Structures are given as structure tokens and as C-alpha cells.
Amino acid sequence: MITKIDHLGIAVRDWETAVARYTTLTAGPPQHIEEVPEQKVKVAMFEVGEARIELLSATAPDSPIAKFLEKRGEGMHHICFQVPNLEEALQRLQADGMEILPGAGSAGAQGRRVAFLHPKSAAGVLIELVEKL
Ligand code: ZN
């Protein structure tokens with residue numbers, strides 16, 4: 001049911017510095033920059049082969065990214081898996097006891113429908129699911 005790793009999310013404090021570093025690292029500027037008001041984040045996407053790196057910074061003090069940075073500092077924030085059908089994936093995972101966070105099915109970056117699973121459901125890692133376009 002998971003077709004690929006869509007992207008890896010990295011929480012960053014200093015947007016300009018992080019974008020500059022990943023521009024150097026991936027040998028090119030981000031292919032996509034966007035603010036996602038629903039999630040109170042600003043994202044920069046860097047394509048790396050078939051997957052992408054997503055830099056995330058907070059746009060409000062009550063953003064989930066602001067809270068994450070406060071608790072754990074900069075670094076790996078989540079893994080995003082692509083699924084063909086979000087509802088089917090969520091139904092199956094919920095039936096198997098995975099905890100789905102509130103707001104499932106809302107719009108993420110690039111208007112794609114996303115859902116998040118509680119880190120305790122995946123060995124301490126926040127999991128994002130995104131529906132294939
Ligand atoms: Zn993401």
C-alpha cells in the first residue's frame with residue numbers, strides 16, 4: 001500500500017541558512033517553496049532522485065514546527081510515505097492499532113491530501129502519508 005518514500009521532513013530554525021545549505025548539498029535551488037497556512041509552516045522542497053527533502057520552518061509560535069524545535073531542536077521531523085488512496089490506508093492502519101493524528105485528509109504542501117500518524121505508532125518517528133496525485 002505504500003508506493004514510495006515521498007519526502008523526508010527536516011525542521012529548521014533559520015530558513016535562509018538551511019535553504020542555502022541544502023542548495024549546496026543537492027547542487028541546485030529548491031524546486032518548490034510554499035507556505036501552508038493549515039499547518040503554519042513554510043516549506044522548501046529539494047528533489048533528490050525520486051524522493052525529496054522538505055525543509056520546514058514555523059510561521060507562527062503555535063505551529064507544530066515551533067513546538068518541535070523548542071522540544072528537540074533542528075533535525076529530522078518526519079518521513080512521508082506516498083499511498084494510492086488515503087482513506088483506504090488510514091482505515092487499514094487504524095484497524096491495525098496505529099494512532100492517526102487529528103486533521104487527517106487536510107491539505108499539505110502543493111495541495112496534496114495528507115495525514116499524520118503519532119510517533120508512538122512508528123518507533124518514535126512522525127509519519128506523514130500523502131495521497132498520490
Ligand atoms: Zn512532509
Side-chain angles (χ1 to χ4, degrees):
M1 76 108 185
I2 285 169
T3 47
K4 70 171 196 173
I5 292 177
D6 188 88
H7 62 269
L8 303 174
I10 298 170
V12 306
R13 242 186 256 286
D14 180 344
W15 171 262
E16 300 297 331
T17 301
V19 168
R21 290 208 175 133
Y22 276 82
T23 294
T24 302
L25 190 61
T26 63
Q31 280 75 31
H32 184 76
I33 289 178
E34 180 183 355
E35 263 194 52
V36 187
E38 292 88 348
Q39 322 261 352
K40 297 178 184 165
V41 297
K42 186 175 174 187
V43 308
M45 288 284 196
F46 294 85
E47 282 173 19
V48 183
E50 289 202 348
R52 294 173 299 161
I53 301 290
E54 178 184 60
L55 302 183
L56 299 143
S57 69
T59 56
D62 62 338
S63 160
I65 295 303
K67 289 176 189 163
F68 178 90
L69 288 168
E70 210 172 279
K71 259 208 268 188
R72 296 168 71 166
E74 285 190 311
M76 270 298 301
H77 179 261
H78 65 271
I79 298 174
C80 179
F81 295 117
Q82 189 182 89
V83 296
N85 182 303
L86 193 61
E87 270 69 38
E88 271 178 32
L90 292 174
Q91 264 175 23
R92 186 184 72 79
L93 293 168
Q94 206 156 28
D96 286 345
M98 304 286 263
E99 186 182 330
I100 292 144
L101 295 176
S106 61
Q110 299 178 287
R112 297 165 78 195
R113 296 175 64 239
V114 300
F116 288 90
L117 306 183
H118 195 285
K120 76 181 180 197
S121 293
V125 179
L126 178 65
I127 302 293
E128 178 180 12
L129 300 176
V130 64
E131 193 166 65
K132 191 179 186 332
L133 282 179

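Source: prediction; values computed, not measured. Just follow the structure's listing: the first ligand is 1, and inside any ligand the first atom is 1. Excluded from the calculations below are hydrogen atoms, water molecules and symmetry mates; all remaining heavy atoms, backbone and side chain alike, are included.
Between the Zn ion (ligand 1) and the N, O or S atoms of E128, the shortest distance is to OE1. As for E54, its N/O/S atom nearest the Zn ion (ligand 1) is the one called OE1.
Rounded to the nearest 0.5 angstrom, R52 CZ and C80 SG are separated by 8.0 Å.
With the Zn ion (ligand 1) as vertex, H7 NE2 and H78 NE2 subtend 110°, rounded to 10°.
Checking side-chain atoms of E99 against main-chain N and O of H118 turns up no donor-acceptor pair under 3.5 Å. Distance alone, capped at 3.5 Å, places no donor-acceptor pair between the S57 side chain and the V12 backbone.
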request  = Show your reasoning for whether salt bridge (charged side-chain N to carboxylate O under 4.0 Å, His left out) applies to R113 and E131.
outcome  = CA-CA 6 Å; R113 296 175 64 239; E131 193 166 65; 3.0 Å; yes
